[in-house]
There are 2 protein chains.
Amino acid sequence: MVKERVTVIDIARAAGVSKSTVSLVLQGSSLVNEATRAKVNATIRDLGYVYNRSAANLRQAKSKIIGIVVNDLTNSFFAELAVGVDAVVQSAGFVQFLANTGEKIERQREVVASMREHGVSGLIVSPARGTEAADLAPLVASGIPVVLVVRDIAGAHVSSLTSDNHAGAMAAVRHLIERGHQRIAFLGGFPDTAVFEARMRGYRDALIEAGIPVSDALIIGSAPSRAGGVTAVEQAMMLADRPTAALCFNDAVAFGVCDGLRARRLEPGADFAVIGFDDVIEAKTAVPALTTVSVDPQGMGQRAAELLLKQIKAGKAEPEAIVGSVRLVVRQSCGAAVERKREALA
Amino acid sequence: MVKERVTVIDIARAAGVSKSTVSLVLQGSSLVNEATRAKVNATIRDLGYVYNRSAANLRQAKSKIIGIVVNDLTNSFFAELAVGVDAVVQSAGFVQFLANTGEKIERQREVVASMREHGVSGLIVSPARGTEAADLAPLVASGIPVVLVVRDIAGAHVSSLTSDNHAGAMAAVRHLIERGHQRIAFLGGFPDTAVFEARMRGYRDALIEAGIPVSDALIIGSAPSRAGGVTAVEQAMMLADRPTAALCFNDAVAFGVCDGLRARRLEPGADFAVIGFDDVIEAKTAVPALTTVSVDPQGMGQRAAELLLKQIKAGKAEPEAIVGSVRLVVRQSCGAAVERKREALA
DNA sequence: TTTCATAATTGGAACGTTCCAATTTCGTCA
DNA sequence: TGACGAAATTGGAACGTTCCAATTATGAAA
């Protein structure tokens, strides 16, 4: 079954033209006669020719591959992000090289190096925790367009696409305050990340704005996962002066918080208000449906891809920092529905 | 910023050796003198040389890339599968090309073609719904090792790694029967897939074995997602003779079923027994923790990768069909914990 | 028919690596 | 000192494509 490779020369011979003509056909050039094109295409099909992109890349030094590296593929936020990127990238005739770093800097280094070796023409990176500008320096110096998503890195001289974490968190907390909550916790997330920092600042600022004292005891970090949410809410409920509501670092944490509440026979939404962050697809269908700050991961992936493609096309990478707007989508987990029901009864 | 490419020849010149020697160093050959190696490596670092894999692939026609194509990356089962593959593949010095088909055959065709053009040395495929043996024929004919995961395809002459869906479903339903359930539903999944077919057969066989009549009304298909689970359980609860337990097509459906139950003020585990399938990471931390048939997606990805690497190394693809064993992990959603608590009180 | 522009086609030289066969260098032993 | 095997190094020919400059075919105008 191991056949000899069919090359452009074999096609040329079989079709009675030169290899140059075959190459022209392959590239869809308008220079070639319609009849010739048809004949060549037929031969290509007949011989089962497979285009050799390595050879093409070697000659023309631009590859139609774009790389995307994410820090945690098992988090559906990033999976959706990747899907968004893929959609755009692929309809532009590029193909996606996806790698998962699992938050490990070392792995990230390897993966980025490997992508460079394969000649990617651009890179979308959601950097692993603790990535520094220096880590990206050689990449940037090589002139390959890079778009940072989700997490920005100070001093890296590349484009970035983040979301307005501060405004989102403020909106969420304001909403909670409007509903009458005073003891509001901030649950989950690694405190040493810029995203945590921004969301937490938004949380504090909203409290300050409303004249509510900020208590550090109510800010409880954890892994940004469902399991992390469970432990964070457990810790929160051991406090002497328990919170009645929480803004969570992300949706995964929020789901965990709901789980943890139920484990203590508290119904999220009715007995305790929960707001998430990201608006993962599941947020809509969960019960209670999750009130959350919508970041739209797929849309973000698409925008990142478009930004990157633009830079690739332009040739030079003029760094721009886009911060996407964000909106609070009110569903049930913050108690809005319950209250509405009460109002209807009154 | 756009530099001239540094090549092996530049290195050779700068280090005062020949390009062949540099190539030898690059490949870690033992033929080269230690001092020379050090000098060359230093030069490589100094000049910021980046290896050009396209050129290498062109010459040696084997690529160190393995491709993985999945049908739905937003389903965490497949995301975890990909992570499992990545771990193995990467430690073998390969790099992973991941593509998502979103269950679209056409997209799958494109993606596979693109991977061939890039010269992948093997492919792990979780085929899109409706994929036929004929779709894979050209790929197989080309002699590239292929491993099918999750879904097998009859007549495709390639290796496959599936799980024992029939046995898993039987074990789950037997467990439900032991707990005293008689009206047991099978919820979710697309009925036209082989996986659905196998799980559903296991469900039926367990009922028959116990002398419980099988009712088609209790077998309710849906999208294999959380949202699908919600609609499926809604439909089930409209039946005149309601079920008291359900085996779900997968964990995503099972979570949806829990959501749907709660929407009707029914507590999963206590009021209605739910069993999932797959054992996604979330299953453990959810509340109630999900009783489920463990398929271990990451492990599956690893095994698939190992199988593929073995075939790549062996050179020829001797197709083998592995069906992984599967075990029921009993947690809370099937009511086991509740019952145990009652027993303790008695 | 010749002439010329335009449309099609073409051979050969790259691209950056690996591999092969050949050569040089080195150390050891007679 | 010379000879010899092993160790280390080397030049050149691939690999399959694209690009360039050059050539040939076509058809319209003179």
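Within every chain, numbering begins at 1; the chains are lettered A, B, ... in the order of the sequence lines, protein sequences first and strands thereafter.
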Inset, instruction - Could you check whether B:S23 gets within reach of a base, just the sugar-phosphate, or nothing at all, counting any heavy atom under 4.0 Å? - result: base
Inset, instruction - Find the distance B:K62:NZ to C:dC19:C1' and express it as a whole number of Å. - result: 11 Å
Legend entry - side chain to side chain donor-acceptor pair (under 3.5 Å) partner of A:R129, the single match among A:D72, A:T193, A:T101, A:D192: A:D192
Inset, instruction - Calculate the interatomic distance between B:I11 atom CD1 and C:dT17 atom C1'; express it in whole Å. - result: 13 Å
Inset, instruction - Using a strict 4.0 Å threshold on nitrogen-to-oxygen distance, state whether B:R303 and B:E306 make a salt bridge. - result: no
Inset, instruction - Show the numbers, then the answer: is there a salt bridge (Lys or Arg N to Asp or Glu O under 4.0 Å) between B:R107 and A:D86? - result: CA-CA 11 Å; B:R107 183 86 181 80; A:D86 195 38; 3.0 Å; yes
Inset, instruction - Describe the nucleic acid contact of B:S20 in one word from base, sugar-phosphate, nothing, applying a heavy-atom distance below 4.0 Å. - result: base
Legend entry - Candidate nucleotides C:dT10, C:dG16, D:dT17, ranked by approach to the side chain of A:L24 - the nearest: C:dT10
Legend entry - Sugar-phosphate only, base, or nothing, as touched by A:S54 at under 4.0 Å among non-hydrogen atoms: nothing
Inset, instruction - Apply the test salt bridge (Lys or Arg N to Asp or Glu O under 4.0 Å) to residues B:R109 and B:D135: give CA-CA distance (whole Å), side-chain angles for both, the deciding distance (0.1 Å), then the verdict. - result: CA-CA 8 Å; B:R109 217 186 38 70; B:D135 297 325; over 6 Å; no
Legend entry - Whole angstrom value for the distance that separates C1' of C:dT17 from CZ of B:R59: 8 Å
Legend entry - Between C1' of D:dC19 and CG of A:L31, the distance in whole Å: 12 Å
Legend entry - Between P of D:dA8 and CZ of B:R37, the distance in whole Å: 10 Å
Legend entry - Of B:T36 and A:V6, the one whose closest DNA chain D nucleotide lies more 5': B:T36
Inset, instruction - Give the nucleotide from the list D:dG16, D:dT10, C:dT17 with an atom nearest to the side chain of B:K19. - result: C:dT17
Inset, instruction - In whole angstrom, give the distance that lies between atom CG of A:N52 and atom P of C:dG16. - result: 16 Å
Inset, instruction - Tell me yes or no: between the side chains of B:S20 and B:S23, is some donor less than 3.5 Å from an acceptor? - result: no
Legend entry - Candidate nucleotides D:dT10, C:dT17, D:dT17, ranked by approach to the side chain of A:Y51 - the nearest: D:dT17
Legend entry - side-chain N/O A:Q60 vs D:dT17 OP1/OP2, d < 4.0 Å: no
Legend entry - B:S18 side-chain N/O to D:dT9 phosphate OP1/OP2 under 4.0 Å: no
Inset, instruction - Take atom CG of A:L58 and atom P of D:dC19, then tell me their distance rounded to the nearest Å. - result: 12 Å
Inset, instruction - Take B:Q27 and B:A55, find for each the nucleotide of DNA chain C with the closest heavy atom, and name the residue whose nucleotide sits nearer the 5' end. - result: B:A55
Legend entry - Atom pair distance, as rounded to whole Å: CD1 in B:I9 and P in D:dT9: 18 Å
